Number of protein chains: 2
Amino acid sequence: MAETVPAAPAGSKSEQAYALIKARIVEGTYSPGHRLVLARIAGDLGVSVVPIREAIRRLEAEGLVTFERNIGATVAGIDPTEYLYTMQTLSIVEGAATALSSPLLGAADITRARGVNEEMRTCLKDFDPVRFTRLNQEFHSVLFERCPNPHILDLVHRGWNRLASLRSSTFRFVPGRATESVDEHEALLRLIESQAGADAIEKAARLHRSATLDAYLAQSSAADSS
Amino acid sequence: MAETVPAAPAGSKSEQAYALIKARIVEGTYSPGHRLVLARIAGDLGVSVVPIREAIRRLEAEGLVTFERNIGATVAGIDPTEYLYTMQTLSIVEGAATALSSPLLGAADITRARGVNEEMRTCLKDFDPVRFTRLNQEFHSVLFERCPNPHILDLVHRGWNRLASLRSSTFRFVPGRATESVDEHEALLRLIESQAGADAIEKAARLHRSATLDAYLAQSSAADSS
DNA sequence: AAGTACGAAATCGTATACGAAGCGTAGGAG
DNA sequence: CTCCTACGCTTCGTATACGATTTCGTACTT
């Protein structure tokens with residue numbers, strides 16, 4: 001036998017704690033604003049607070065949690081301003097990642113992306129924001145995941161993670177954007193298939209995301225003044 | 001009196017440790033590959049290892065140190081591949097930051113940047129790579145520091161920090177690039193003064209950095225084949 | 001002479017313990 | 001009735017202690 005304990009997920013407890021807390025944030029178990037009490041989490045995991053503290057520090061540096069001295073950690077909420085900044089940043093790094101990734105995409109990748117996009121299209125009737133958002137992430141993942149620069153890829157992942165806590169929010173908030181989004185996806189695929197220049201692909205990918213942001217902002221300000 | 005202890009630099013010891021280690025890495029006291037022994041640092045600071053561990057975790061998440069389980073932390077070196085990735089990432093985020101910042105730059109900022117650039121020009125004779133690199137950072141800081149998106153700004157800072165450990169290396173390695181660099185700076189300033197579009201400024205800023213990277217790569221491969 | 005196995009030293013990983021700082025509540029004074 | 005103060009509870013911050021893991025040196029075997 002390899003292990004005394006059947007399930008030893010990761011090496012160190014600090015590592016496990018990191019993975020667990022991050023997962024819970026991304027998946028929504030810990031929603032924004034949720035207070036992360038060290039002793040509580042330590043108890044849940046059956047470990048002491050020390051590894052938990054280290055995990056929290058890492059998450060803090062990644063921007064997933066905020067931490068105040070002598071106060072504690074809370075899941076980083078995303079107020080509208082934060083959302084704006086995060087989306088803008090993501091538009092830039094994801095645009096770059098997609099452009100760098102595009103020459104490395106094979107026919108199979110394009111087919112897969114197109115399949116996902118078709119699924120999104122069928123999803124438009126009896127609209128399910130959560131499912132739509134999941135598919136949306138999958139679609140874009142196919143396009144940028146082959147980016148050869150690991151730093152940029154990491155930044156893209158972090159951006160998506162930050163938005164993950166919002167889950168579905170954007171498309172729930174601006175459902176009208178979903179249709180346009182699907183169309184833009186197809187256009188983006190054609191651009192990549194035609195071996196368009198990196199500049200063109202980057203710009204298209206960036207604008208695609210900016211457009212979602214703009215739709216959100218328009219909706220938001222309309223709601224304000226209503 | 002406000003404080004019992006005259007000098008209480010920062011709030012928590014973990015914070016102090018973070019600041020100190022980061023400073024030592026950036027300033028070069030801890031050079032790449034340097035092993036960061038927890039007990040040693042703890043002794044230096046007169047604290048226990050726990051706050052040190054937290055500081056290291058944060059630095060790890062920022063990419064300034066690498067950490068291996070049961071082995072320890074070392075200052076993240078930058079091998080040529082890492083350098084390439086970091087510069088490419090920086091070209092993208094700094095380009096974006098500069099473009100976003102440019103509309104907010106006042107005449108005073110432009111004047112200051114131009115002054116720094118002139119200093120760089122005089123620095124070309126009896127070339128001092130360290131000083132030149134410092135001025136180079138100052139020049140670019142003026143241009144991107146007003147970027148209203150704190151996330152992007154943070155990414156730019158992190159990129160510069162990662163490169164800081166190399167200190168001077170690039171321009172020492174490719175001194176010929178320094179002259180071009182100064183000229184491109186002036187061109188960039190004119191572009192900003194003329195209220196050029198964000199696209200043009202972003203592209204110029206990005207290419208400016210890419211060109212440095214390319215010069216490095218050319219030099220590097222030439223050295224290999226010699 | 002080279003390779004391997006054993007053991008000691010160094011270092012990391014985590015638990016426990018205790019002190020310090022915030023936060024809420026209850027009680028009294030104005 | 002309201003505001004201020006004092007107490008106690010919760011939670012964080014750090015030190016210390018001990019077990020676990022790796023590394024390196026040395027001696028022994030082939």
Side-chain angles (χ1 to χ4, degrees), chain A residues 1-22 24-25 30-61 64-77, chain B residues 1-22 24-25 30-61 64-77:
Chain A
M1 65 174 76
E3 295 281 342
T4 319
V5 181
S12 87
K13 305 203 174 176
S14 155
E15 209 71 32
Q16 294 173 236
Y18 170 77
L20 180 86
I21 299 171
K22 182 170 177 177
R24 289 205 178 159
I25 292 175
Y30 294 153
S31 37
H34 184 104
R35 239 193 115 186
L36 300 170
V37 180
L38 299 182
R40 178 90 161 62
I41 300 174
D44 279 358
L45 282 175
V47 302
S48 86
V49 297
V50 179
I52 307 294
R53 291 182 66 89
E54 290 180 24
I56 298 271
R57 288 299 195 184
R58 288 174 61 185
L59 293 166
E60 180 196 12
L64 280 177
V65 312
T66 60
F67 198 82
E68 282 177 289
R69 167 161 162 107
N70 280 324
I71 302 287
T74 58
V75 176
Chain B
M1 66 173 72
E3 294 281 343
T4 319
V5 182
S12 87
K13 306 204 173 175
S14 153
E15 209 72 32
Q16 294 174 237
Y18 170 78
L20 180 86
I21 299 172
K22 183 170 177 177
R24 290 203 177 159
I25 292 175
Y30 294 154
S31 38
H34 184 103
R35 246 197 108 184
L36 300 170
V37 180
L38 299 182
R40 178 91 162 59
I41 300 174
D44 279 359
L45 282 175
V47 302
S48 86
V49 297
V50 179
I52 307 295
R53 292 182 64 90
E54 290 180 24
I56 298 271
R57 289 298 195 184
R58 288 174 60 184
L59 293 166
E60 180 196 13
L64 281 176
V65 311
T66 60
F67 197 82
E68 283 177 289
R69 166 159 160 110
N70 280 324
I71 303 287
T74 58
V75 176

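The shown structure was predicted, so the numbers you read here are calculated from the model rather than taken from an experiment. In what follows, every chain begins at residue 1, and chains take the letters A, B, ... in the order their sequences are listed.
- For the pair A:Q16 CD and C:dT14 C1', the interatomic distance rounds to 12 Å; values are reported in whole Å.
- Between the CZ atom of B:R35 and the C1' atom of D:dT22 there is a distance of 9 Å, rounded to whole Å.
- Side chains of A:E60 and B:E54 form no contact here, defined as non-hydrogen atoms less than 4.5 Å apart.
- Of the two residues contacting DNA chain C, namely A:S14 and A:I71, the nearest-nucleotide position lying further toward the 5' end is that of A:S14.
- Within the 4.5 Å cutoff, no side-chain heavy atoms of B:V65 are placed close to those of B:T74.
- Two residues are said to be in side-chain contact when any heavy atoms from C-beta on lie closer than 4.5 Å; A:L45 and A:Q16 fail this criterion.
- Contact check of residues 44-56 of chain A against DNA chain C (heavy atom, cut-off under 4.0 Å) returns A:V47, A:S48, A:V50, A:P51.
- Summarising the geometry, the separation between CG on B:L38 and P on D:dC18 is reported as 20 Å, rounded to the nearest angstrom.
- Here C:dA21 presents its P atom at 8 Å from CZ of A:R69, a figure rounded to the nearest Å.
- Spacing between atom CD1 of B:I41 and atom C1' of D:dT14 amounts to 17 Å, rounded to whole angstrom units.
- In this structure, the nucleotide among D:dT11, C:dT11, C:dG22 sitting nearest to the side chain of A:V37 is D:dT11.
- Look at CD on B:E68: it is 17 Å from P on D:dT21, rounded to the nearest Å.
- Rounded to whole angstrom, the span from the CG atom of A:N70 across to the P atom of D:dT11 amounts to 14 Å.
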*asked:* Does A:L64 form a side chain to side chain contact (heavy atoms under 4.5 Å, CB included) with A:K22? I'd like the steps, not just the answer.
replied: CA-CA 8 Å; A:L64 280 177; A:K22 182 170 177 177; 4.0 Å; yes

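- Using a 4.5 Å heavy-atom threshold, the side chains of A:R24 and A:D44 count as touching.
- Minimum interatomic distance between A:R57 and B:S14 (heavy atoms only, all atoms of both residues): NH2-OG, 3.0 Å.
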